[in-house]
2 protein chains.
Amino acid sequence: MHSPALEGNLAQPVIRRLDALRQLSERGIALLQRAILEGLQRAGQGEDLANEGDPVDSVRIILSGWLCRFKTLEDGRRQITSFILPGDACDACVYLLSVMDHSIGTLTPVIYADIKRPVFERLLAADQSLAQAFWCETMVNSAIQREWTVNIGRRIALERVAHLLCEIHERLRPVGMIDGDSCAFPVTQIDLADATGLSVVHVNRTLQELRASRLITLRDRTLTIMDLRGLQNIALFTADYLHTKRCG
Amino acid sequence: MHSPALEGNLAQPVIRRLDALRQLSERGIALLQRAILEGLQRAGQGEDLANEGDPVDSVRIILSGWLCRFKTLEDGRRQITSFILPGDACDACVYLLSVMDHSIGTLTPVIYADIKRPVFERLLAADQSLAQAFWCETMVNSAIQREWTVNIGRRIALERVAHLLCEIHERLRPVGMIDGDSCAFPVTQIDLADATGLSVVHVNRTLQELRASRLITLRDRTLTIMDLRGLQNIALFTADYLHTKRCG
DNA sequence: CGTGCGGTTGAAGTAGGTCAAAGGGTGTGG
DNA sequence: CCACACCCTTTGACCTACTTCAACCGCACG
(Lines give C-alpha, C1' and ligand atoms only; values in the text may rest on other atoms or scores of the structure.)
Protein backbone atom coordinates (compact mmCIF):
# COMPACT_ATOMS: atom_id res chain seq x y z
CA MET A 1 0.00 0.00 0.00
CA HIS A 2 2.94 2.30 0.41
CA SER A 3 4.82 1.63 -2.77
CA PRO A 4 5.17 4.74 -4.94
CA ALA A 5 3.43 3.01 -7.82
CA LEU A 6 0.28 2.26 -5.87
CA GLU A 7 0.23 5.67 -4.31
CA GLY A 8 0.53 7.25 -7.72
CA ASN A 9 -2.49 5.28 -8.83
CA LEU A 10 -4.48 6.45 -5.87
CA ALA A 11 -4.48 10.02 -7.08
CA GLN A 12 -5.57 9.03 -10.58
CA PRO A 13 -9.32 9.64 -10.24
CA VAL A 14 -8.76 13.13 -8.85
CA ILE A 15 -6.35 14.06 -11.56
CA ARG A 16 -8.61 12.65 -14.26
CA ARG A 17 -11.56 14.51 -12.85
CA LEU A 18 -9.83 17.87 -12.54
CA ASP A 19 -7.95 17.54 -15.79
CA ALA A 20 -11.22 16.87 -17.58
CA LEU A 21 -12.57 20.16 -16.26
CA ARG A 22 -9.48 22.23 -16.90
CA GLN A 23 -6.25 20.96 -18.36
CA LEU A 24 -3.71 20.72 -15.56
CA SER A 25 -0.08 21.70 -15.90
CA GLU A 26 2.59 19.08 -15.25
CA ARG A 27 3.72 21.10 -12.31
CA GLY A 28 0.18 21.35 -10.95
CA ILE A 29 -0.24 17.60 -11.16
CA ALA A 30 3.01 17.03 -9.32
CA LEU A 31 2.16 19.50 -6.57
CA LEU A 32 -1.31 18.07 -6.15
CA GLN A 33 -0.02 14.53 -6.04
CA ARG A 34 2.45 15.41 -3.34
CA ALA A 35 -0.15 17.21 -1.24
CA ILE A 36 -2.47 14.24 -1.56
CA LEU A 37 0.13 11.69 -0.48
CA GLU A 38 1.02 13.80 2.53
CA GLY A 39 -2.56 13.86 3.73
CA LEU A 40 -3.70 10.29 3.17
CA GLN A 41 -6.50 9.13 5.45
CA ARG A 42 -8.97 6.30 5.69
CA ALA A 43 -12.48 5.95 7.00
CA GLY A 44 -14.74 2.95 7.41
CA GLN A 45 -18.22 2.44 6.05
CA GLY A 46 -21.02 4.23 7.87
CA GLU A 47 -18.80 6.81 9.50
CA ASP A 48 -19.56 10.50 9.57
CA LEU A 49 -16.56 12.49 8.43
CA ALA A 50 -18.18 15.73 9.47
CA ASN A 51 -21.31 16.89 11.21
CA GLU A 52 -23.46 19.95 11.03
CA GLY A 53 -21.88 22.59 13.21
CA ASP A 54 -18.33 21.28 12.96
CA PRO A 55 -15.64 23.83 12.19
CA VAL A 56 -14.05 23.34 8.78
CA ASP A 57 -10.35 23.81 8.40
CA SER A 58 -9.35 21.42 5.69
CA VAL A 59 -10.27 20.18 2.26
CA ARG A 60 -10.90 16.50 1.65
CA ILE A 61 -10.24 14.89 -1.67
CA ILE A 62 -11.80 11.50 -2.24
CA LEU A 63 -9.48 8.92 -3.77
CA SER A 64 -11.73 5.89 -3.46
CA GLY A 65 -15.13 5.11 -2.03
CA TRP A 66 -18.51 6.83 -1.94
CA LEU A 67 -19.90 9.39 0.47
CA CYS A 68 -22.97 11.54 0.78
CA ARG A 69 -23.81 14.97 2.10
CA PHE A 70 -26.98 15.11 4.13
CA LYS A 71 -29.01 17.21 6.48
CA THR A 72 -31.32 15.97 9.20
CA LEU A 73 -34.41 17.71 10.51
CA GLU A 74 -35.12 17.80 14.23
CA ASP A 75 -37.66 15.01 13.96
CA GLY A 76 -35.31 12.70 12.12
CA ARG A 77 -36.33 13.27 8.54
CA ARG A 78 -33.16 13.04 6.49
CA GLN A 79 -32.30 14.40 3.06
CA ILE A 80 -29.21 13.44 1.14
CA THR A 81 -28.23 16.51 -0.84
CA SER A 82 -25.52 14.95 -2.94
CA PHE A 83 -23.32 11.96 -3.52
CA ILE A 84 -19.58 12.38 -3.38
CA LEU A 85 -17.74 10.05 -5.74
CA PRO A 86 -14.09 9.10 -6.20
CA GLY A 87 -12.18 12.05 -7.60
CA ASP A 88 -14.49 14.60 -6.02
CA ALA A 89 -13.06 17.25 -3.78
CA CYS A 90 -15.53 17.58 -1.01
CA ASP A 91 -15.45 21.06 0.44
CA ALA A 92 -12.80 22.39 -1.91
CA CYS A 93 -14.23 25.68 -0.91
CA VAL A 94 -16.86 25.06 1.67
CA TYR A 95 -14.12 25.76 4.16
CA LEU A 96 -14.60 29.41 3.36
CA LEU A 97 -17.74 29.22 5.46
CA SER A 98 -15.88 28.06 8.60
CA VAL A 99 -18.74 25.95 9.89
CA MET A 100 -20.41 22.92 8.33
CA ASP A 101 -24.09 23.45 7.61
CA HIS A 102 -24.53 19.78 6.75
CA SER A 103 -23.01 16.41 7.50
CA ILE A 104 -20.91 14.07 5.41
CA GLY A 105 -21.16 10.32 5.81
CA THR A 106 -19.45 7.41 4.11
CA LEU A 107 -21.38 4.80 2.16
CA THR A 108 -18.33 2.56 1.77
CA PRO A 109 -14.84 2.46 3.22
CA VAL A 110 -13.06 5.51 1.91
CA ILE A 111 -9.53 6.60 1.18
CA TYR A 112 -9.11 10.33 1.04
CA ALA A 113 -6.57 13.08 1.34
CA ASP A 114 -7.05 15.61 4.08
CA ILE A 115 -5.38 18.84 3.07
CA LYS A 116 -5.17 21.59 5.64
CA ARG A 117 -6.44 24.94 4.57
CA PRO A 118 -3.08 26.77 4.41
CA VAL A 119 -1.54 23.92 2.42
CA PHE A 120 -4.47 23.95 0.04
CA GLU A 121 -4.27 27.70 -0.39
CA ARG A 122 -0.58 27.49 -1.16
CA LEU A 123 -1.40 24.84 -3.73
CA LEU A 124 -3.93 27.08 -5.48
CA ALA A 125 -1.56 30.02 -5.36
CA ALA A 126 1.30 27.99 -6.78
CA ASP A 127 -0.48 26.77 -9.88
CA GLN A 128 -3.14 28.65 -11.75
CA SER A 129 -4.46 25.58 -13.54
CA LEU A 130 -5.11 23.84 -10.24
CA ALA A 131 -6.94 26.83 -8.86
CA GLN A 132 -9.14 27.04 -11.90
CA ALA A 133 -9.84 23.34 -11.93
CA PHE A 134 -10.95 23.36 -8.31
CA TRP A 135 -13.18 26.36 -8.87
CA CYS A 136 -14.68 24.69 -11.89
CA GLU A 137 -15.35 21.63 -9.81
CA THR A 138 -17.11 23.74 -7.24
CA MET A 139 -19.26 25.32 -9.91
CA VAL A 140 -20.17 21.96 -11.39
CA ASN A 141 -21.23 20.82 -7.95
CA SER A 142 -23.50 23.85 -7.76
CA ALA A 143 -24.98 22.95 -11.10
CA ILE A 144 -25.63 19.42 -9.90
CA GLN A 145 -27.30 20.77 -6.80
CA ARG A 146 -29.59 22.90 -8.95
CA GLU A 147 -30.52 19.90 -11.03
CA TRP A 148 -31.38 17.99 -7.87
CA THR A 149 -33.76 20.78 -6.95
CA VAL A 150 -35.45 20.35 -10.30
CA ASN A 151 -35.41 16.58 -9.97
CA ILE A 152 -37.09 16.52 -6.60
CA GLY A 153 -39.35 19.46 -7.28
CA ARG A 154 -40.74 18.59 -10.66
CA ARG A 155 -40.09 15.01 -11.66
CA ILE A 156 -42.32 12.11 -10.67
CA ALA A 157 -40.86 9.13 -8.83
CA LEU A 158 -39.99 7.05 -11.89
CA GLU A 159 -38.31 9.92 -13.69
CA ARG A 160 -36.62 10.97 -10.49
CA VAL A 161 -34.97 7.68 -9.70
CA ALA A 162 -34.03 7.16 -13.33
CA HIS A 163 -32.48 10.61 -13.43
CA LEU A 164 -30.36 9.94 -10.39
CA LEU A 165 -29.06 6.72 -11.90
CA CYS A 166 -28.23 8.51 -15.14
CA GLU A 167 -26.36 11.20 -13.28
CA ILE A 168 -24.27 8.83 -11.25
CA HIS A 169 -23.47 6.78 -14.32
CA GLU A 170 -22.39 9.88 -16.18
CA ARG A 171 -20.26 11.12 -13.30
CA LEU A 172 -18.50 7.82 -12.83
CA ARG A 173 -17.43 7.63 -16.44
CA PRO A 174 -14.73 10.31 -16.53
CA VAL A 175 -13.04 8.84 -13.47
CA GLY A 176 -12.94 5.42 -15.09
CA MET A 177 -15.32 3.63 -12.80
CA ILE A 178 -17.69 2.31 -15.43
CA ASP A 179 -17.09 -1.23 -16.59
CA GLY A 180 -19.00 -1.79 -19.79
CA ASP A 181 -22.50 -0.78 -18.85
CA SER A 182 -22.05 -1.67 -15.18
CA CYS A 183 -20.73 0.07 -12.13
CA ALA A 184 -20.50 -0.39 -8.41
CA PHE A 185 -23.52 1.07 -6.69
CA PRO A 186 -23.14 0.90 -2.92
CA VAL A 187 -26.33 2.84 -2.25
CA THR A 188 -29.11 1.20 -0.26
CA GLN A 189 -32.74 1.80 -1.12
CA ILE A 190 -32.92 3.78 2.10
CA ASP A 191 -30.21 6.11 0.83
CA LEU A 192 -31.92 6.30 -2.52
CA ALA A 193 -35.14 7.31 -0.79
CA ASP A 194 -33.38 10.00 1.20
CA ALA A 195 -31.71 11.29 -1.93
CA THR A 196 -34.88 11.47 -4.01
CA GLY A 197 -37.26 12.68 -1.34
CA LEU A 198 -39.35 9.49 -1.63
CA SER A 199 -40.20 6.74 0.84
CA VAL A 200 -38.22 3.50 0.84
CA VAL A 201 -41.27 1.52 -0.12
CA HIS A 202 -41.90 3.64 -3.14
CA VAL A 203 -38.27 3.57 -4.21
CA ASN A 204 -38.48 -0.19 -4.07
CA ARG A 205 -41.52 -0.29 -6.32
CA THR A 206 -39.98 2.26 -8.66
CA LEU A 207 -36.83 0.20 -9.05
CA GLN A 208 -38.96 -2.82 -9.82
CA GLU A 209 -40.68 -0.85 -12.53
CA LEU A 210 -37.33 0.11 -14.03
CA ARG A 211 -36.26 -3.51 -13.90
CA ALA A 212 -39.52 -4.71 -15.42
CA SER A 213 -39.01 -2.27 -18.29
CA ARG A 214 -35.63 -3.93 -18.87
CA LEU A 215 -33.84 -0.65 -18.38
CA ILE A 216 -31.61 -1.60 -15.47
CA THR A 217 -30.37 -4.42 -13.29
CA LEU A 218 -29.51 -3.62 -9.71
CA ARG A 219 -28.32 -6.44 -7.50
CA ASP A 220 -25.55 -7.04 -5.02
CA ARG A 221 -24.48 -3.40 -5.05
CA THR A 222 -23.96 -3.48 -8.79
CA LEU A 223 -25.89 -1.36 -11.23
CA THR A 224 -26.15 -2.36 -14.86
CA ILE A 225 -27.80 -0.01 -17.27
CA MET A 226 -29.20 -2.20 -19.98
CA ASP A 227 -30.77 0.56 -22.03
CA LEU A 228 -29.06 3.87 -21.38
CA ARG A 229 -30.97 5.77 -24.02
CA GLY A 230 -34.25 4.44 -22.71
CA LEU A 231 -33.36 5.33 -19.15
CA GLN A 232 -32.33 8.84 -20.14
CA ASN A 233 -35.56 9.25 -22.04
CA ILE A 234 -37.87 8.49 -19.19
CA ALA A 235 -35.64 10.55 -16.88
CA LEU A 236 -35.74 13.57 -19.19
CA PHE A 237 -31.98 13.49 -18.72
CA THR A 238 -29.51 15.66 -20.56
CA ALA A 239 -25.92 15.79 -19.39
CA ASP A 240 -25.41 19.49 -20.10
CA TYR A 241 -25.52 20.47 -16.47
CA LEU A 242 -22.54 18.25 -15.68
CA HIS A 243 -20.39 20.45 -17.89
CA THR A 244 -18.11 17.60 -18.86
CA LYS A 245 -16.53 19.64 -21.61
CA ARG A 246 -13.49 21.56 -20.51
CA CYS A 247 -14.45 24.91 -19.12
CA GLY A 248 -12.83 28.20 -18.19
CA MET B 1 -30.55 59.08 -11.89
CA HIS B 2 -27.07 59.99 -12.95
CA SER B 3 -25.97 62.13 -10.05
CA PRO B 4 -22.96 60.71 -8.22
CA ALA B 5 -24.93 60.59 -4.97
CA LEU B 6 -27.66 58.40 -6.36
CA GLU B 7 -25.22 56.20 -8.14
CA GLY B 8 -23.31 55.75 -4.91
CA ASN B 9 -26.50 54.62 -3.24
CA LEU B 10 -27.17 52.12 -5.96
CA ALA B 11 -24.17 50.04 -5.01
CA GLN B 12 -25.11 50.03 -1.33
CA PRO B 13 -26.92 46.67 -1.18
CA VAL B 14 -24.02 44.90 -2.86
CA ILE B 15 -21.46 46.44 -0.59
CA ARG B 16 -23.53 45.71 2.50
CA ARG B 17 -24.03 42.14 1.38
CA LEU B 18 -20.37 41.45 0.59
CA ASP B 19 -19.06 43.36 3.57
CA ALA B 20 -21.28 41.31 5.84
CA LEU B 21 -19.67 38.16 4.49
CA ARG B 22 -16.09 39.37 4.56
CA GLN B 23 -14.97 42.80 5.62
CA LEU B 24 -14.05 44.75 2.51
CA SER B 25 -11.08 47.07 2.27
CA GLU B 26 -11.66 50.74 1.44
CA ARG B 27 -9.82 50.16 -1.79
CA GLY B 28 -11.91 47.14 -2.63
CA ILE B 29 -15.10 49.09 -2.11
CA ALA B 30 -13.88 51.88 -4.35
CA LEU B 31 -12.82 49.53 -7.11
CA LEU B 32 -16.07 47.61 -6.94
CA GLN B 33 -18.12 50.78 -6.97
CA ARG B 34 -16.35 52.00 -10.06
CA ALA B 35 -16.75 48.71 -11.88
CA ILE B 36 -20.45 48.70 -11.04
CA LEU B 37 -21.07 52.22 -12.28
CA GLU B 38 -19.30 51.46 -15.52
CA GLY B 39 -21.52 48.49 -16.21
CA LEU B 40 -24.97 49.79 -15.24
CA GLN B 41 -27.86 48.13 -17.02
CA ARG B 42 -31.61 47.87 -16.72
CA ALA B 43 -34.17 45.23 -17.49
CA GLY B 44 -37.94 45.22 -17.36
CA GLN B 45 -40.21 42.87 -15.49
CA GLY B 46 -40.72 39.45 -17.01
CA GLU B 47 -37.59 39.52 -19.11
CA ASP B 48 -35.13 36.67 -19.34
CA LEU B 49 -31.61 37.91 -18.77
CA ALA B 50 -30.16 34.59 -19.79
CA ASN B 51 -31.33 31.30 -21.18
CA GLU B 52 -30.17 27.75 -20.88
CA GLY B 53 -27.44 27.24 -23.46
CA ASP B 54 -26.33 30.86 -23.61
CA PRO B 55 -22.61 31.50 -23.43
CA VAL B 56 -21.57 33.30 -20.23
CA ASP B 57 -18.94 35.96 -20.40
CA SER B 58 -19.86 38.39 -17.72
CA VAL B 59 -20.92 38.65 -14.11
CA ARG B 60 -24.11 40.42 -13.16
CA ILE B 61 -24.53 42.15 -9.85
CA ILE B 62 -28.05 43.03 -8.84
CA LEU B 63 -28.51 46.54 -7.49
CA SER B 64 -32.27 46.59 -7.26
CA GLY B 65 -35.13 44.27 -8.15
CA TRP B 66 -35.78 40.54 -7.86
CA LEU B 67 -34.91 37.69 -10.24
CA CYS B 68 -35.08 33.95 -10.25
CA ARG B 69 -33.06 31.11 -11.67
CA PHE B 70 -35.12 28.38 -13.24
CA LYS B 71 -34.99 25.33 -15.43
CA THR B 72 -37.73 24.06 -17.70
CA LEU B 73 -38.37 20.46 -18.66
CA GLU B 74 -39.25 19.57 -22.25
CA ASP B 75 -42.93 19.29 -21.43
CA GLY B 76 -43.09 22.69 -19.78
CA ARG B 77 -42.74 21.77 -16.13
CA ARG B 78 -40.75 24.56 -14.54
CA GLN B 79 -38.68 24.68 -11.39
CA ILE B 80 -37.33 27.84 -9.86
CA THR B 81 -34.05 26.88 -8.26
CA SER B 82 -33.37 30.13 -6.45
CA PHE B 83 -34.35 33.72 -5.98
CA ILE B 84 -31.81 36.42 -6.68
CA LEU B 85 -32.25 39.45 -4.45
CA PRO B 86 -30.75 42.95 -4.44
CA GLY B 87 -27.08 42.77 -3.54
CA ASP B 88 -26.66 39.28 -4.94
CA ALA B 89 -24.04 38.65 -7.54
CA CYS B 90 -25.62 36.30 -9.95
CA ASP B 91 -23.03 34.13 -11.63
CA ALA B 92 -20.08 35.57 -9.76
CA CYS B 93 -18.44 32.39 -10.81
CA VAL B 94 -20.86 30.50 -12.92
CA TYR B 95 -19.03 32.08 -15.82
CA LEU B 96 -16.32 29.53 -15.24
CA LEU B 97 -18.65 27.03 -16.85
CA SER B 98 -18.90 28.98 -20.13
CA VAL B 99 -22.46 27.92 -20.85
CA MET B 100 -25.63 28.55 -18.87
CA ASP B 101 -27.29 25.36 -17.66
CA HIS B 102 -30.34 27.32 -16.51
CA SER B 103 -32.21 30.50 -17.22
CA ILE B 104 -32.51 33.73 -15.29
CA GLY B 105 -35.68 35.78 -15.40
CA THR B 106 -36.73 39.01 -13.75
CA LEU B 107 -39.67 39.21 -11.37
CA THR B 108 -39.57 43.00 -11.26
CA PRO B 109 -37.81 45.72 -13.17
CA VAL B 110 -34.14 45.38 -12.36
CA ILE B 111 -31.07 47.57 -12.21
CA TYR B 112 -27.85 45.64 -12.38
CA ALA B 113 -24.21 45.95 -13.22
CA ASP B 114 -22.87 43.85 -16.05
CA ILE B 115 -19.17 43.29 -15.51
CA LYS B 116 -17.24 41.60 -18.26
CA ARG B 117 -15.17 38.63 -17.27
CA PRO B 118 -11.72 40.20 -17.74
CA VAL B 119 -12.77 43.28 -15.78
CA PHE B 120 -14.15 41.10 -13.00
CA GLU B 121 -11.00 39.03 -12.88
CA ARG B 122 -8.86 42.12 -12.63
CA LEU B 123 -11.08 43.25 -9.78
CA LEU B 124 -10.57 40.02 -7.87
CA ALA B 125 -6.84 40.10 -8.52
CA ALA B 126 -6.57 43.69 -7.39
CA ASP B 127 -8.14 43.26 -3.98
CA GLN B 128 -7.97 40.15 -1.87
CA SER B 129 -10.94 41.08 0.29
CA LEU B 130 -13.17 41.40 -2.76
CA ALA B 131 -12.08 38.04 -4.08
CA GLN B 132 -12.79 36.36 -0.77
CA ALA B 133 -16.13 38.08 -0.39
CA PHE B 134 -17.28 36.93 -3.82
CA TRP B 135 -16.17 33.38 -3.14
CA CYS B 136 -17.95 33.42 0.17
CA GLU B 137 -21.07 34.61 -1.57
CA THR B 138 -20.81 31.75 -4.02
CA MET B 139 -20.45 29.27 -1.19
CA VAL B 140 -23.43 30.69 0.64
CA ASN B 141 -25.46 30.30 -2.52
CA SER B 142 -24.45 26.65 -2.62
CA ALA B 143 -25.55 26.27 0.97
CA ILE B 144 -28.90 27.81 0.12
CA GLN B 145 -29.28 25.46 -2.79
CA ARG B 146 -28.64 22.49 -0.49
CA GLU B 147 -31.28 23.73 1.90
CA TRP B 148 -33.74 23.99 -0.98
CA THR B 149 -33.08 20.35 -1.74
CA VAL B 150 -33.96 19.50 1.85
CA ASN B 151 -36.96 21.79 1.78
CA ILE B 152 -38.48 20.27 -1.31
CA GLY B 153 -37.41 16.74 -0.53
CA ARG B 154 -38.43 16.39 3.07
CA ARG B 155 -40.74 19.15 4.21
CA ILE B 156 -44.51 19.08 3.76
CA ALA B 157 -46.26 21.92 1.95
CA LEU B 158 -46.96 24.09 4.98
CA GLU B 159 -43.43 23.81 6.32
CA ARG B 160 -42.04 24.28 2.86
CA VAL B 161 -43.78 27.53 2.06
CA ALA B 162 -43.13 28.84 5.56
CA HIS B 163 -39.46 27.98 5.20
CA LEU B 164 -39.15 29.85 1.93
CA LEU B 165 -40.73 32.94 3.47
CA CYS B 166 -38.36 32.74 6.44
CA GLU B 167 -35.38 32.45 4.15
CA ILE B 168 -36.30 35.41 2.01
CA HIS B 169 -37.03 37.50 5.07
CA GLU B 170 -33.67 36.61 6.54
CA ARG B 171 -31.83 37.33 3.30
CA LEU B 172 -33.46 40.71 2.82
CA ARG B 173 -32.48 41.93 6.24
CA PRO B 174 -28.72 42.46 5.76
CA VAL B 175 -29.34 44.48 2.62
CA GLY B 176 -31.75 46.73 4.45
CA MET B 177 -34.91 45.76 2.64
CA ILE B 178 -36.99 44.86 5.66
CA ASP B 179 -39.27 47.57 6.94
CA GLY B 180 -40.41 46.64 10.44
CA ASP B 181 -41.83 43.18 9.92
CA SER B 182 -42.78 43.80 6.30
CA CYS B 183 -41.03 43.57 2.98
CA ALA B 184 -41.78 43.79 -0.69
CA PHE B 185 -42.66 40.39 -2.06
CA PRO B 186 -43.09 40.52 -5.82
CA VAL B 187 -43.54 36.77 -6.18
CA THR B 188 -46.77 35.42 -7.63
CA GLN B 189 -48.32 32.24 -6.29
CA ILE B 190 -47.32 30.69 -9.60
CA ASP B 191 -43.69 31.49 -8.90
CA LEU B 192 -44.08 30.27 -5.35
CA ALA B 193 -45.43 26.99 -6.68
CA ASP B 194 -42.54 26.62 -9.09
CA ALA B 195 -40.09 27.37 -6.31
CA THR B 196 -41.54 24.90 -3.83
CA GLY B 197 -42.38 22.08 -6.21
CA LEU B 198 -46.09 22.40 -5.40
CA SER B 199 -49.12 23.24 -7.53
CA VAL B 200 -50.53 26.77 -7.60
CA VAL B 201 -53.77 25.60 -6.09
CA HIS B 202 -52.04 24.03 -3.17
CA VAL B 203 -49.79 27.02 -2.60
CA ASN B 204 -52.91 29.13 -2.45
CA ARG B 205 -54.48 26.93 0.19
CA THR B 206 -51.22 26.76 2.12
CA LEU B 207 -50.93 30.54 2.21
CA GLN B 208 -54.47 30.73 3.47
CA GLU B 209 -53.55 28.36 6.24
CA LEU B 210 -50.58 30.54 7.22
CA ARG B 211 -52.85 33.57 7.19
CA ALA B 212 -55.51 31.83 9.24
CA SER B 213 -52.86 30.95 11.81
CA ARG B 214 -52.09 34.68 12.03
CA LEU B 215 -48.49 34.08 11.05
CA ILE B 216 -48.34 36.23 7.94
CA THR B 217 -50.15 38.75 5.81
CA LEU B 218 -49.50 38.69 2.08
CA ARG B 219 -51.33 41.20 -0.08
CA ASP B 220 -50.50 43.59 -2.84
CA ARG B 221 -47.00 42.21 -3.23
CA THR B 222 -46.22 42.95 0.39
CA LEU B 223 -45.35 40.30 2.93
CA THR B 224 -45.78 40.95 6.61
CA ILE B 225 -44.57 38.39 9.06
CA MET B 226 -46.77 38.81 12.09
CA ASP B 227 -45.20 36.03 14.14
CA LEU B 228 -41.65 35.33 13.03
CA ARG B 229 -40.91 32.85 15.80
CA GLY B 230 -44.09 30.96 15.04
CA LEU B 231 -43.35 30.88 11.34
CA GLN B 232 -39.82 29.65 11.92
CA ASN B 233 -41.15 26.98 14.22
CA ILE B 234 -43.52 25.41 11.80
CA ALA B 235 -40.90 25.76 9.05
CA LEU B 236 -38.23 24.02 11.12
CA PHE B 237 -36.13 26.98 10.12
CA THR B 238 -32.68 27.77 11.45
CA ALA B 239 -30.61 30.45 9.78
CA ASP B 240 -27.28 28.67 10.15
CA TYR B 241 -27.08 27.73 6.50
CA LEU B 242 -27.19 31.38 5.48
CA HIS B 243 -23.83 31.90 7.18
CA THR B 244 -24.60 35.50 8.03
CA LYS B 245 -21.66 35.72 10.38
CA ARG B 246 -18.47 36.88 8.74
CA CYS B 247 -16.60 33.99 7.26
CA GLY B 248 -13.18 33.20 5.85
C1' DC C 1 -28.64 -20.17 16.13
C1' DG C 2 -30.39 -15.84 17.02
C1' DT C 3 -30.25 -10.90 15.62
C1' DG C 4 -30.32 -7.14 12.65
C1' DC C 5 -30.36 -4.94 8.40
C1' DG C 6 -31.91 -4.40 3.77
C1' DG C 7 -35.28 -5.70 0.51
C1' DT C 8 -40.09 -6.96 -0.72
C1' DT C 9 -45.18 -7.23 -0.45
C1' DG C 10 -50.01 -5.93 0.56
C1' DA C 11 -53.60 -3.00 2.31
C1' DA C 12 -55.31 1.23 3.62
C1' DG C 13 -54.86 6.27 4.14
C1' DT C 14 -53.81 11.06 2.73
C1' DA C 15 -51.32 15.01 1.05
C1' DG C 16 -51.36 17.15 -2.70
C1' DG C 17 -52.54 17.22 -7.87
C1' DT C 18 -55.82 18.12 -11.61
C1' DC C 19 -59.73 20.10 -13.68
C1' DA C 20 -62.98 23.58 -14.17
C1' DA C 21 -65.02 27.74 -13.25
C1' DA C 22 -65.50 32.16 -11.33
C1' DG C 23 -63.92 36.70 -9.20
C1' DG C 24 -61.07 40.91 -8.91
C1' DG C 25 -57.85 44.21 -10.55
C1' DT C 26 -55.55 46.52 -14.26
C1' DG C 27 -54.38 47.96 -18.65
C1' DT C 28 -55.85 48.79 -23.39
C1' DG C 29 -58.36 49.89 -27.30
C1' DG C 30 -62.51 51.41 -29.42
C1' DC D 1 -65.73 55.94 -20.50
C1' DC D 2 -66.91 51.55 -21.15
C1' DA D 3 -65.82 46.84 -22.70
C1' DC D 4 -62.87 43.46 -23.21
C1' DA D 5 -58.84 40.82 -22.20
C1' DC D 6 -55.46 39.09 -19.42
C1' DC D 7 -53.38 37.75 -15.35
C1' DC D 8 -53.49 36.36 -10.71
C1' DT D 9 -56.17 34.52 -7.06
C1' DT D 10 -59.67 31.75 -5.13
C1' DT D 11 -63.01 27.90 -4.63
C1' DG D 12 -65.04 23.26 -5.10
C1' DA D 13 -65.05 18.47 -6.53
C1' DC D 14 -62.70 14.66 -7.64
C1' DC D 15 -58.61 11.84 -8.29
C1' DT D 16 -54.05 9.56 -7.63
C1' DA D 17 -49.25 9.19 -6.63
C1' DC D 18 -47.15 8.46 -2.97
C1' DT D 19 -46.99 7.47 2.19
C1' DT D 20 -47.66 4.72 6.18
C1' DC D 21 -48.09 0.63 8.62
C1' DA D 22 -47.20 -3.98 9.25
C1' DA D 23 -45.48 -8.13 8.18
C1' DC D 24 -42.31 -11.35 6.11
C1' DC D 25 -38.08 -12.94 3.69
C1' DG D 26 -33.19 -13.71 2.94
C1' DC D 27 -28.74 -13.12 4.20
C1' DA D 28 -24.60 -11.90 6.74
C1' DC D 29 -22.46 -11.82 11.00
C1' DG D 30 -21.31 -12.59 15.81
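By convention in this document, chain letters (A, B, ...) are assigned in the order of the sequence lines, proteins followed by strands, and residues within each chain are numbered from 1.
Across the protein-nucleic acid pair, A:L207 atom CG and C:dG6 atom P stand 15 Å apart, rounded to whole Å. Rounded to a whole Å, the CD1 atom of B:I156 is 8 Å from the P atom of C:dA15. Rounded to whole Å, the distance from CD1 on B:I152 to P on C:dG17 is 12 Å. Taking atom CZ of residue A:F185 and atom P of nucleotide C:dG7, one finds them 10 Å apart after rounding to whole Å. If you take NE2 of B:H202 and P of C:dC19, they are 17 Å apart, rounded to a whole angstrom. Atom pair A:D191:CG and C:dG6:P shows a separation of 8 Å (rounding to whole Å applied).
For the side chain to side chain donor-acceptor pair (under 3.5 Å) criterion with B:T149, the lone passing option out of A:R69, A:R146, A:Q145 is A:Q145.
Contacts of B:G197 with the nucleic acid, taken as non-hydrogen atoms under 4.0 Å apart, involve only primed sugar atoms and P, OP1 or OP2. The residue B:R160 sits apart from the nucleic acid: no heavy atom pair falls under 4.0 Å. Contacts of B:S199 with the nucleic acid, taken as non-hydrogen atoms under 4.0 Å apart, include base atoms. Residue contacts for B:V200: at a heavy-atom cut-off of 4.0 Å it reaches no nucleic acid atom on any strand shown.
Enclosure of atom CE in B:M177 is not indicated, since only 12 or fewer non-hydrogen atoms of other residues, nucleotides or ligands lie within 6.0 angstrom. Residue B:M100 qualifies as enclosed at atom CE: its count of foreign heavy atoms under 6.0 Å is above 12.
Sequence order on DNA chain D of the closest nucleotides to A:R155 and B:R211 puts B:R211 first from the 5' end. In terms of position on DNA chain C, the residue among A:Q208 and A:R154 whose nearest nucleotide sits closer to the 5' end is A:Q208.
Checking C:dC19, C:dG7, C:dG10 against the side-chain heavy atoms of A:R205 singles out C:dG10 as nearest.
Both tests hold for A:R78 against A:F70: distance to the six-membered ring centre under 6.0 Å, angle to the ring axis within 45°.
Protein chain B contacts DNA chain D over a range whose 5' and 3' limits, counting nucleotides with an atom under 4.0 angstrom from a non-hydrogen atom, are D:dC8 to D:dA13.
A donor-acceptor pair under 3.5 Å links the side-chain atoms of B:S103 to the main chain of B:E52, judged by distance alone.
Residue A:Q189 places none of its side-chain N or O atoms closer than 4.0 Å to OP1 or OP2 of C:dC5. Look at A:N204 and you won't find any side-chain N or O under 4.0 angstrom from OP1 or OP2 of C:dG7.
In this pair, B:Y241 and B:H163 present their aromatic rings parallel. The plane angle is below 30°, not in the 30 to 60° band.
Using modelled atom types and a 3.5 Å distance limit, the side chains of B:D191 and B:T188 yield a donor-acceptor pair.
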